[in-house]
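Heads up, the thing below is written out as structure tokens.
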Amino acid sequence: MCGIMAYLGGRDTVEVLLEGLRRLEYRGYDSAGVAVSVDGKIELIKSKGKISVLAGLLQNNKPEGRAGIAHTRWATHGPPSTANAHPHPDCEGHIAVVHNGIIENYLELREQLEKEGHTFRSETDTETLAHLFEKYYEGDLEAAVRRGLKQVKGSYAVVAMSDKEPGLLVAARQYSPLIVGLGEKPGENFAASDPSAIIPFTRKAYLVDNGEMVLLTADKVQVKTLAGKAVKKPVFHIEWDAEMAEKGGYKHFMIKEIFEQPHALRETIGDRIVGRRMGLNLEGLGLSDGYLRRLKKIAVIACGTASYAGMAGQYAIEKLCGVPVIVDVASELQHRESVFDKSTLGIAISQSGETADTLQAMRTAHRQGAKLLAITNVIGSSVAREADGLLYIHAGPEIGVASTKAYTSQILAMLLFAVHLGQVREAMTPRVARRLLRGIKALPELAEETLEEAGHIKSLAAKYKDIKRYLYLGRGAHYCSAMEGALKLKEIAYLDAEGYAAGEMKHGPLALVTEECAVLSAVVAGPHYEKSIGNLQEIRARAGRVIAVANKSDKEIAKYADDVIRIPETEEVLSPVLAGIPMQLYAYYVADIWDREIDQPRNLAKSVTVE
Ligand code: M6R
């Protein structure tokens, strides 16, 4: 949510800042701006709209300087406008600030500063920081930022510059992600809210922790606590390479990432399944066998798509291990006082690892004595750092706002954990474990086979293009497929789509079914097959159109559906990985027909770092 990029060095500063912003645009795209230090002055250029608008403005009026800060915004306080775009200056334009997060006490601070004579130009909480730093500035930006931040309640990743100290940037972090990029060659350094912004320039980084401050010049980076104590940081190596964050010939990141799923799933498996005997090695899990044997309940903490991956895990863990699993969205879970205790394991699932709701619920869980396992994509992210145990999904950068490859990889990681838990608790025989692991190992190839349906799914999207109301239904392992399918269509095609447990139809939603409604349902072999067929019959009896996602070997399904999308056979508990793919493709092709902004849907952002 919002992206920050900062640079000091000898390259074309504006070009570096714009390149970083373009890679961060998925975090927010309401407005953008840069501030560059030029001959002892700060030049500020910003605009409403996407980075391309800003780039256009800069083409004819490019500030030449050796230090700059930049921002792409997802509006929280104040609507999208040029005035509300970052960077924000102080009264006289001597200081400029970019910020992600929320200053919770900004109204109180603003009132006080206005009384003291400061003039505000925007409606943002961020502008308060610029005026606070101005108030405390006595020739030392570091001291001003430190004093200013002492007054602040809330979350921030902030970078400030002053025209009086042109070669210096001061950054700080509290609960919003911040990374420092260390120049591969001497004489340049970077700061950003996300590694993807700096990977074209460097892979060496410091992961800034909460309560830390960073002083950056082109030649030196010093990390301190907010209290001023020096901190020695290990250099972190970013593994993702620049090409992974490019579109690579695809029309959108989303479709590229859908097609990357076989690779992403292979990476999630990595060397975790070993040898012909199918040994399972979850190195780094960080949860002892003794603890896993003792735990009594699991609660999945996640938002949106990640929570639906959690539902797939819930089904697998309950079925294979006999351990009860609660799944609730993190924004609710953080207030459910009696869910967590010492015998409950919280599993936090998050692609970005920076989702504020998820982090808050993790903190609730920790306070109440629970242990936490993180399943995340971003190495060193806040979710990873605040958990007791870790399973990285290694899916590679996911740039499209709609989550695709992270979803299927998250399910796969949950499945690996389910098998591990089942083995440790002796809830499954070694034979069953081997069978499941063999099935998991085959998933990347089966995902490739599933992707072969893309052409057929594209033609279905065209066939049903005038349908405006969708229901997505699923039972058992595929309740999650229904929820995720509907979310994808809403998110990128802007169509009404509801996900339901199929058994709920008769309790209300059936009233929505007419010939103007299409129903997508995953109906795969397993204990819920017959009842799912029953639901399809109910729909067709009311003139609804049915698109079924069913197994290749299913000879019956065509009788109950208008159209069928085929997926290969696998164990029922593993099948959500495959059923997720047609749901993504259908949403993508429908959205493309309507010419939606697929990678950056309206009102949304990739990483939601505010509550
Ligand atoms: O980064 P996270 O996995 O924590 O993000 C959680 C949700 O915001 C995210 O999955 C969201 O629902 C997706 N945009 C859906 O495609």
Side-chain angles (χ1 to χ4, degrees), residues 1-3 24 26-29 74 176-177 193-196 252-255 257-258 261 264 300-313 327-334 346-362 372 374-379 381-387 391-393 395-411 413-414 472 480-481 483-494 497 499 580-581 583-588 591 596-611:
M1 197 134 286
C2 302
L24 293 173
Y26 67 96
R27 295 181 68 103
Y29 29 85
W74 184 82
S176 287
S193 47
D194 186 317
S196 44
H252 297 100
F253 278 111
M254 182 180 174
I255 190 71
E257 288 159 6
I258 289 173
Q261 286 176 106
V300 172
I301 303 169
C303 302
T305 291
S307 72
Y308 302 140
M311 284 166 64
V327 183
D328 197 358
V329 289
S331 52
E332 291 299 319
L333 205 46
Q334 60 185 275
I347 304 186
I349 308 179
S350 172
Q351 186 285 129
S352 62
E354 300 297 346
T355 301
D357 287 321
T358 302
L359 285 161
Q360 281 307 341
M362 288 174 74
L372 286 168
I375 294 184
T376 181
N377 195 24
V378 180
I379 314 262
S381 58
S382 303
V383 165
R385 283 188 280 168
E386 292 195 24
L391 266 182
Y392 282 120
I393 61 171
E398 191 181 65
I399 309 290
V401 166
S403 188
T404 52
K405 61 178 178 173
Y407 172 67
T408 45
S409 293
Q410 286 160 348
I411 299 179
M414 282 296 273
Y472 282 73
C480 68
S481 309
M483 300 306 290
E484 174 58 5
L487 176 62
K488 286 284 92 85
L489 196 73
K490 281 189 263 229
E491 185 180 21
I492 58 164
Y494 312 156
I581 297 172
M583 303 291 181
Q584 299 163 354
L585 285 166
Y586 189 79
Y588 174 81
R596 307 291 194 223
E597 296 198 75
I598 291 180
D599 285 332
Q600 295 169 352
R602 67 185 178 204
N603 307 336
L604 299 179
K606 180 71 180 162
S607 172
V608 187
T609 52
V610 292
E611 279 181 75

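Both counts, for ligands and for their atoms, begin at 1 and track the order of listing.
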Residues at least two apart in sequence or cross-chain that pass side-chain hydrogen bond (donor to acceptor under 3.5 Å, both in side chains) with Glu484, listed by chain then number, are Thr305, Lys488
Just by distance, no angles: are the side chains of Gln261 and Thr404 close enough, under 3.5 Å, to form a donor-acceptor pair? no
Ligand-protein N/O pairs under 3.5 Å (ligand 1):
| residue | atom | partner | partner atom | Å |
| --- | --- | --- | --- | --- |
| ligand 1 | 1 (O) | Ser352 | N | 2.9 |
| ligand 1 | 1 (O) | Ser352 | OG | 2.7 |
| ligand 1 | 1 (O) | Thr355 | OG1 | 3.4 |
| ligand 1 | 3 (O) | Gln351 | N | 2.6 |
| ligand 1 | 4 (O) | Ser350 | OG | 2.6 |
| ligand 1 | 4 (O) | Thr355 | OG1 | 2.4 |
| ligand 1 | 10 (O) | Thr305 | N | 3.2 |
| ligand 1 | 12 (O) | Thr305 | N | 3.2 |
| ligand 1 | 14 (N) | Val401 | O | 2.9 |
| ligand 1 | 14 (N) | Glu491 | OE2 | 2.7 |
| ligand 1 | 16 (O) | Thr305 | OG1 | 3.3 |
| ligand 1 | 16 (O) | Ser403 | N | 2.8 |
| ligand 1 | 16 (O) | Lys488 | NZ | 3.0 |
| ligand 1 | 16 (O) | Glu491 | OE1 | 2.7 |
| ligand 1 | 16 (O) | Glu491 | OE2 | 3.1 |

Report the distance from atom SG of Cys303 to atom CG of Leu333, rounding to the nearest 0.5 Å. 9.5 Å
Let me confirm one number: the CD-CD1 distance from Gln584 to Ile492, rounded to the nearest 0.5 Å. 9.5 Å
Taking all non-hydrogen atoms of both residues, which atom of Ser352 and which atom of Ser381 are closest, and how far apart? O-CB, 3.5 Å
Any donor-acceptor pair under 3.5 Å linking the side chain of Glu257 with the backbone of Gly400? yes
